Amino acid sequence: MKKSSSGISRRVFIKGSVATIGIGAMSTFPFGKAFGDDFPSRNIKIVVPTGAGGGADKNLRAFMGVWKKYIKTDFQPDFFSGAGGQVGYELYLGKRDPDAYNLLFGNMGPESIMYVLQKPKYKFPGDYIYFNRVDVDPSVIWVRAGSPFKTIEDLVAEGKKRTVTISVSRLPHPASIGALALAEATGAKFNLIPYGGGNPTVVAALTGEVDASALPMANPVSAGEQARILGVFSPKNLIPEQSNNAPPINAVFGTKIPDLPSARAFAIHAKAAEKFPERYEKLKSTMRKVFDDPDYKVAIEKTGRPWEFVSYADEAECMEYANNMIDLTNRYIKLLTAKGKSKKKK
Amino acid sequence: MEFTLDFLIQLFMTSLGHWYVIIPAIIIGLVIGAIPGLGPANTLIILLPFTLSLEVNTAMAFMVALYCSARMGAGIPAILVNIPGTAGAAATPFDGYPMTQKGMAQQALTLSFVASAFGGLIASIFSIFALPFLARVGYYFHSVEMVVVMLFGLTLIAVVSTGNTLKGLIGGLFGLLVGAIGPDHIYSAPRATFGFLELYDGVPVVAALIGIFAISEALLMIEVKSILTEAGKVRMAAQTRWTETMEGVRMAAKRWWHIVWTSFIGLGIGVVPGAGAPIAAFVAYQQSRLFSKTPELYGTGHPEGILAPESANNGVTSGSLIPLLTLGIPGGSTAAIMLIVIQFHGIVLGPRIFLDMPTFPYGVLMGMVVTYLFMVGTILPLARYMSRVTLIPTQYLAPVIISFTLVGAFSPRTYIFDMGVALVFGVIGYIARKTGYQVSAILIGVILGPYVERYLMRALRISEGDPMVLFSSTIGNILWVFLILSLILPPLLERIRKR
C-alpha cells in the first residue's frame with residue numbers, strides 16, 4: 001500500500017477524515033432532542049390564569065407533589081389572574097418560550113367561554129393544546145337546606161309561576177349555561193344573578209338572598225349539610241351519597257342539555273409539542289402515572305375535593321371538550337352578553 | 001361541650017402555648033403591613049409550605065397573628081408619612097398625618113397601636129361569647145342592606161371636602177369614575193379599559209392607593225426639607241421620651257368608649273362576607289365624626305380620627321373569620337388561604353364544627369385574643385423609635401418611599417403595568433394636592449365605588465329593575481333612616497346652636 005510522506009495511507013486518511021466529519025456532524029445533532037434523556041434539566045414553569053390560593057392552586061399543588069416523583073424536577077407555578085383568565089393565557093402564549101419547560105394549568109370550561117366572548121389575540125385551536133385533564137366538576141343546581149324546593153321539579157314548577165332567582169359565579173360560566181339551557185328547555189323563568197366568585201355565590205344561596213344557585217358541584221358539596229343539590233348537568237351523579245342522590249337533569253326532564261362540567265387541564269404551546277415531541281411525550285407519560293399513585297388520592301382528599309372528580313383525559317378528549325364548550329357559548333351568546341350581538345368566533 | 005370558665009381558661013392556656021409562633025408572626029405581620037402593597041394574603045401564600053407543615057392549631061395561631069398584626073402595621077406609614085400600608089388603613093392618615101406634622105408622631109402611633117390592639121381584643125373576646133349568634137348576622141345583610149352601608153362610607157366624601165365642597169365632590173366623582181373602570185358587574189363586559197388587558201378587572205386598588213397617597217406625597221416632599229412643620233420640628237427635637245408614649249396611652253384611655261363602639265362597627269362589617277377593612281374604617285371614621293362633640297377638629301390631627309379607623313379595621317379581623325369558621329366560607333383572600341391549611345388537615349368547617357370539633361373555632365378566636373395581648377407588649381415600646389422616621393430629611397425619605405412603594409405596587413399581581421398605574425396616580429395625586437382637591441375624596445370613590453355599584457346592580461337585578469327593592473327590607477329601611485339622620489342632623493344642630 002502506498003504510504004504518504006507522513007506515514008499515513010490514503011485509505012486511513014479517508015477513513016479518519018470521514019470519522020472526524022462524522023463525529024463533528026454528530027456533535028451538532030440534538031441528541032437531547034432526539035432521546036429526551038436530559039429533559040427536564042431545569043424547573044418547569046406553570047402559568048395559572050387564576051389567583052393564588054384558589055381551587056386551581058390547591059389542585060395544582062396536589063398534582064405537582066406527586067408528579068415530581070416521576071418527572072424528577074421542581075415546578076414554579078406563577079399565578080396571573082385577570083379578565084376571566086385572558087391575562088394568564090396571553091402571557092403564556094406571548095411571553096413564555098415554547099420549549100415544553102413552560103406549561104399552563106387552566107380551567108377549560110370557563111376559559112373556553114372567555115375565548116369566545118372576549119376575542120383575545122391568540123388562536124384556539126392552533127396556539128395551544130390541552131393535553132392532560134386532571135378533574136371534572138359537574139355543574140349542578142342546588143338550594144339551601146331549608147329551602148321549600150325539595151326537587152329540581154319543584155324549582156322548575158315554581159319557575160313557571162314566577163321568576164326564580166339563581167346565583168351564579170359569572171354569566172359566562174358552564175353552570176350558567178346549564179341554568180339557561182334548562183330554562184329554555186322547560187319554559188321556566190330563571191333570573192341569573194352573578195356574584196363574581198364561588199364563595200359569594202354560595203353565601204347568596206345559603207343566606208336566602210336568592211332561591212337557588214348554579215355552580216360546579218364541589219362548591220355546594222363543601223357547604224356540607226347546609227346545601228341540598230337538586231340536579232346535575234351530567235349523565236351521571238359521580239357522588240350520589242354526598243349530594244342527596246341528586247338526579248341527572250336530562251333524566252328528569254327528558255332534555256338534551258349537554259354535559260357541562262368545569263374541567264382543569266394542563267396545556268402546552270402547540271409549537272412546543274411539534275418541535276419537541278419527545279419532551280411532550282415525557283410530560284404526558286409521567287403525568288399519566290400520577291393518577292395511579294395512591295399518594296395522589298391522599299393529596300386530593302386533603303384539598304377537600306371528592307376523589308371521584310379526579311378524571312384523566314388525553315389530548316383528543318380535552319380538545320373535544322374545549323371545542324364543544326366553544327360551540328355551546330356561541331349557541332347561548334345572546335344570553336351571556338350585554339348586547340347579545342357578539343360575532344361568533346371559532 | 002360545656003361553655004364554662006374552665007373551658008375558656010384551658011383554651012387560653014393552649015393558645016398561650018403557641019407563643020413561639022405568635023411572636024415571630026407578629027413581627028413579620030407588622031413589617032409586611034407597614035410596606036404598602038405587601039399584605040397578609042401575599043405573605044401567607046409564600047409561607048404556605050411552612051404553615052402546611054405545622055400542626056393545624058399551631059398553623060392557625062401563626063396565620064391569625066400575622067393577619068392581625070399586618071392590620072396594625074398598615075397604620076404605621078399612614079401616620080408617619082401619609083401612606084396607608086393597605087386599603088384598610090386608608091382613613092388613618094386623615095388625622096394621623098396632621099398629628100405627625102405637628103411633631104406628635106409618637107402619640108399618634110401610640111393611639112393607633114392602642115386602638116388596634118384593644119379594638120381587636122374587644123371584638124375577638126365578644127366573638128368568642130357570641131360566635132353562633134354572629135354567624136347569623138350574614139343572613140340578614142344582603143345586597144340591599146349593603147348598598148346603604150356603603151353609602152355611609154361614601155358620605156365621607158362630603159366630610160373630607162369640608163372647606164371646599166365643590167372640589168371635594170369633583171374629586172369624589174373622579175374617584176367613582178376611576179372605580180368604574182373594569183368589568184360591569186352583571187355581564188363581566190370590560191368598560192373603559194383603553195385596551196389595557198391589565199385593567200379588565202378594574203384599576204388595581206393597591207397601585208392606585210400607592211400612587212394617590214405615597215407617590216404624590218413623596219413628590220411633595222421633594223419641595224420641602226422636612227415633613228414636619230416648624231412647630232413640629234421644635235416639638236420632635238425636644239421629645240424622645242417614654243412620657244410621650246404614655247401621653248398617647250392616656251389620650252386613648254380617656255376615649256376608651258370610642259375604641260369599644262368603633263371596634264363593634266368593624267366586627268359587624270367584618271362578619272358580612274365580602275365586606276372588609278376599608279369599608280369598616282371609612283364607616284367608623286364617618287360615624288365617629290358624626291357623634292363627636294368636636295367634629296370640626298377631624299382632619300386636623302384629632303385623636304378620635306385615629307382611634308376610630310384603627311379600632312374598626314382590627315375589629316374586622318375576628319369578624320371576617322366568622323363566616324369561615326361557622327359556614328366554611330372565607331370572607332376574604334386571607335381567610336381563603338387559611339381554609340387551604342384547615343382543609344389540608346381534614347377539618348370540615350360549617351355549622352357541624354360546633355358538634356364535631358367545638359374547640360377549633362373557639363381556639364382560633366382565643367389565638368386572636370392572645371395575639372392582641374402580645375401585640376400591646378411588642379409594639380408599644382417601639383412607637384418612640386418609629387417616630388424618629390419623621391426626622392429623616394426628605395431628600396432621603398422621598399426616594400426611599402418611591403422605590404419601596406413601587407415594589408409594593410408590583411407585588412400583589414406582579415405586573416409591571418401596576419407600577420405604571422401607581423406613577424400615573426402619583427401625578428394625578430400631586431396635581432390634586434397642588435390645586436386644592438382632596439386626594440382622600442378621590443380614594444374613597446376608587447375604593448367604595450365598585451362595592452356600591454356591585455351591590456346596587458345585584459339588588460336591581462334580583463328585583464328585575466325595580467328601584468323600590470332598596471326600601472324592601474326592615475333592616476335596610478332602619479339603616480336608611482340612620483343615614484338620612486346622619487346627613488341632616490349635624491348641620492341642623494349646628495344651625496340651632498348658632499341661634
Side-chain angles (χ1 to χ4, degrees), chain A residues 51-54 57-58 61-62 78-84 86-87 90-91 114 117-118 120-121 145 163 165 167 170-173 191-200 202-204 206-211 219 222-227 299 301-305 336-340 342, chain B residues 41-42 44-46 48-49 52 136 138-144 182-190 193 197-201 272-274 323 327-337 339-340 342-352 413-415 454 457-459 461-464:
Chain A
D57 187 357
K58 284 192 272 187
R61 278 176 201 279
D78 293 318
F79 297 86
F80 294 99
S81 62
Q86 190 181 343
V87 174
E90 297 227 345
L91 181 128
M114 171 275 291
L117 299 183
Q118 294 176 196
K121 291 173 197 159
T163 303
T165 52
S167 67
R170 304 173 79 217
L171 282 185
H173 191 281
N191 180 10
L192 304 195
I193 320 292
Y195 279 79
N199 288 326
V202 171
V203 170
L206 291 184
T207 61
E209 180 163 28
V210 290
D211 296 308
N219 293 91
S222 66
E225 292 169 358
Q226 305 168 88
E301 283 170 350
K302 280 188 171 178
T303 67
R305 211 169 169 77
L336 297 172
T337 56
K339 294 176 185 171
S342 302
Chain B
N42 293 359
L44 286 178
I45 285 170
I46 295 166
L48 207 50
L52 287 175
R136 300 294 305 169
Y139 285 79
Y140 300 106
F141 276 75
H142 297 148
S143 301
V144 169
D184 87 275
H185 296 285
I186 300 298
Y187 292 101
S188 306
T193 58
L197 197 59
E198 293 86 348
L199 291 177
Y200 266 42
D201 290 325
V272 181
L327 298 174
I329 293 160
S333 50
T334 312
I337 295 151
L339 183 61
I340 293 178
I342 294 168
Q343 284 183 335
F344 181 81
H345 290 280
I347 295 173
V348 180
L349 295 174
R352 280 196 66 85
R413 303 199 302 174
T414 62
Y415 296 160
R454 186 180 305 147
M457 294 310 291
R458 266 184 215 155
R461 174 106 177 163
I462 289 170
S463 69
E464 296 182 271

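Since this is a predicted model, take the numbers as computed values, not measurements. Chain letters run A, B, ... following the sequence lines, proteins first and then strands; every chain starts at 1.
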- Query: Considering only heavy atoms, which portion of B:Tyr415 lies under 4.5 Å from any heavy atom of chain A: side chain, backbone, both, or neither?
  - Reply: side chain
- Item | Set of residues satisfying salt bridge (Lys or Arg N to Asp or Glu O under 4.0 Å) with respect to A:Asp57, sequence neighbours excluded | A:Arg61
- Task: Tell me, out of B:Ile347, B:Leu199, B:Ile186, who's got the most heavy-atom pairs with chain A below 4.5 Å.
- Result: B:Ile186
- Task: Check side-chain contact (heavy atoms from CB on, under 4.5 Å) between B:Tyr139 and all other residues, then give those that pass, not counting sequence neighbours.
- Result: A:Thr207, A:Gln226, B:Arg136, B:Leu327
- chain B: which of A:Val202, A:Leu192, A:Asp78, A:Val210 shares the most heavy-atom pairs with it under 4.5 Å? A:Leu192
- Item | chain A contacts, top residue of B:Ile337, B:Thr414, B:Ile462 (heavy-atom pairs, under 4.5 Å) | B:Ile462
- Spatial distance of atom CD (A:Gln86) from atom CZ (A:Phe80) [nearest 0.5 Å]: 15.0 Å
- Message: Is A:Leu91 close to chain B through its backbone or its side chain, or both, or neither, when contacts mean heavy atoms under 4.5 Å?
- Response: neither
- Message: So for A:Thr165, is it side chain, backbone, both, or neither that comes closer than 4.5 Å to the heavy atoms of chain B?
- Response: side chain
- If you measure only the distance, is there a donor-acceptor pair under 3.5 Å linking the side chains of A:Asn191 and A:Thr163? no
- Per-residue contact mode, A:Glu225 against chain B (heavy atom under 4.5 angstrom): side chain
- Item | Any donor-acceptor N or O pair under 3.5 Å, side chains A:Glu209, A:Ser167 | no
- In terms of heavy-atom proximity below 4.5 Å to chain A, should B:Thr193 be classed as side chain, backbone, both, or neither? neither
- For residues A:Glu90 and A:Lys121, determine if any side-chain heavy atom of one lies less than 4.5 Å from a side-chain heavy atom of the other. yes
